[in-house]
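Inspection log for the structure reproduced underneath, given as structure tokens.
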Number of protein chains: 2
Amino acid sequence: MAVVLRPSLAMKLMHEVSLALVQDGEADLSSRQLAILLTIYLEPPPHHVRDLARKLGVTKPVITRALDSMGKLDLVSRRRDENDRRDVVIQRTVAGALAVERLGDLVTAKAAALPP
Amino acid sequence: MAVVLRPSLAMKLMHEVSLALVQDGEADLSSRQLAILLTIYLEPPPHHVRDLARKLGVTKPVITRALDSMGKLDLVSRRRDENDRRDVVIQRTVAGALAVERLGDLVTAKAAALPP
DNA sequence: GCCGTTTAATACGGGTCCGTAACGAGTTCC
DNA sequence: GGAACTCGTTACGGACCCGTATTAAACGGC
């Protein structure tokens, strides 16, 4: 079995988390950027633009631009694949790993503070 | 006690939920809009523009515009307060309640499917 | 070597959202 | 009744994101 979470508590949790993310005004990631970031850090590498586009059901330019934005924030980085130089391998960064870890801690804390 | 959720599981949960929201391509709400929507539906009324702006730490035009957008989607509605006609009271709608409920069900389902 | 395929990136036009500033309507206090 | 204030909205210029279409580089079969 896994995590037991009634819908009313799930909504409360989403509320607390979304409020906290908006209030600190830090990240400012779009929902797609967040989905991309979490995929990169939670699923096993290697990650390519085409895979992310297919997985999220969006076009490749969406991924390219999101990587540009998150790259500026040092949340991800890119490297040419030397075996097939058409490919770009998306890599994790220390700052990105920290940001994902902080998000996990935030959700955990909000979940622990929920009423019974 | 409340919901026990290790950080690694919390991140997995966020990942699943954000992926599902992006993939179905339905709602397309910004993070601020989501925070506003959940506040309206999970905290006791009445809700006013100024309160939401203060709670989220954003300016009032942000709230006005978010209510415009979500009003077009029939997720919220507005009404003048007859006691003080400067005030606008933000009201829930059936479609909005359904959307919030669906989100709660989604999070619940993803949580239940998490590994132990 | 050549041509078709695949990859990521870029150009473009359109839409949305932002914060600051200004605004009109309504209330309060004297 | 008039000044000061509060409330929500709108105007504006700038930034970001989107999907389609196009591009340039690289690969692979022949």
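Chain naming here is simple, since letters A, B, ... match the order of the sequence lines and numbering starts at 1 in each.
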Less than 4.5 Å apart, any side-chain heavy atom of [X] and any of [Y]?
{"X": "A/Arg80", "Y": "A/Val88", "answer": "yes"}
{"X": "A/Ser31", "Y": "B/Leu21", "answer": "no"}
{"X": "B/Met14", "Y": "A/Leu42", "answer": "no"}

Practice item. Please find the earliest and latest nucleotides of DNA chain D, in the 5' to 3' direction, that have an atom within less than 4.0 Å of any heavy atom of chain A. Key: D/dC17 to D/dC27

Within this structure, what is the [atom1]-to-[atom2] distance between [X] and [N], rounded to whole angstrom?
{"X": "B/Asp87", "N": "C/dT28", "atom1": "CG", "atom2": "P", "answer": "10 Å"}
{"X": "A/Asn83", "N": "C/dT7", "atom1": "CG", "atom2": "P", "answer": "15 Å"}
{"X": "A/Arg79", "N": "C/dT7", "atom1": "CZ", "atom2": "P", "answer": "17 Å"}
{"X": "A/Leu67", "N": "C/dT10", "atom1": "CG", "atom2": "P", "answer": "12 Å"}

Please report the shortest heavy-atom distance between [X] and [Y], naming the atom on each side.
{"X": "B/Tyr41", "Y": "B/Val76", "value": "CE1-CG1, 4.3 Å"}
{"X": "A/Arg92", "Y": "A/Ser77", "value": "O-OG, 4.4 Å"}
{"X": "A/Gly104", "Y": "B/Ala10", "value": "O-CB, 3.7 Å"}

Review point. Any donor and acceptor pair, going by atom type alone, linking the side chain of B/His47 with main-chain N or O of B/Ile40 inside 3.5 Å?
Key: yes

Exercise for review: With axes from five pairs an end, tell me the bend angle of the helix from C/dG1-D/dC30 to C/dC30-D/dG1, nearest 10°.
Suggested key: 20°

Study note, to complete from the structure: Scoring nucleotides 16-26 of chain C by protein non-hydrogen atoms under 4.0 Å (B base, S sugar-phosphate only, - none) yields -SBBBB----B

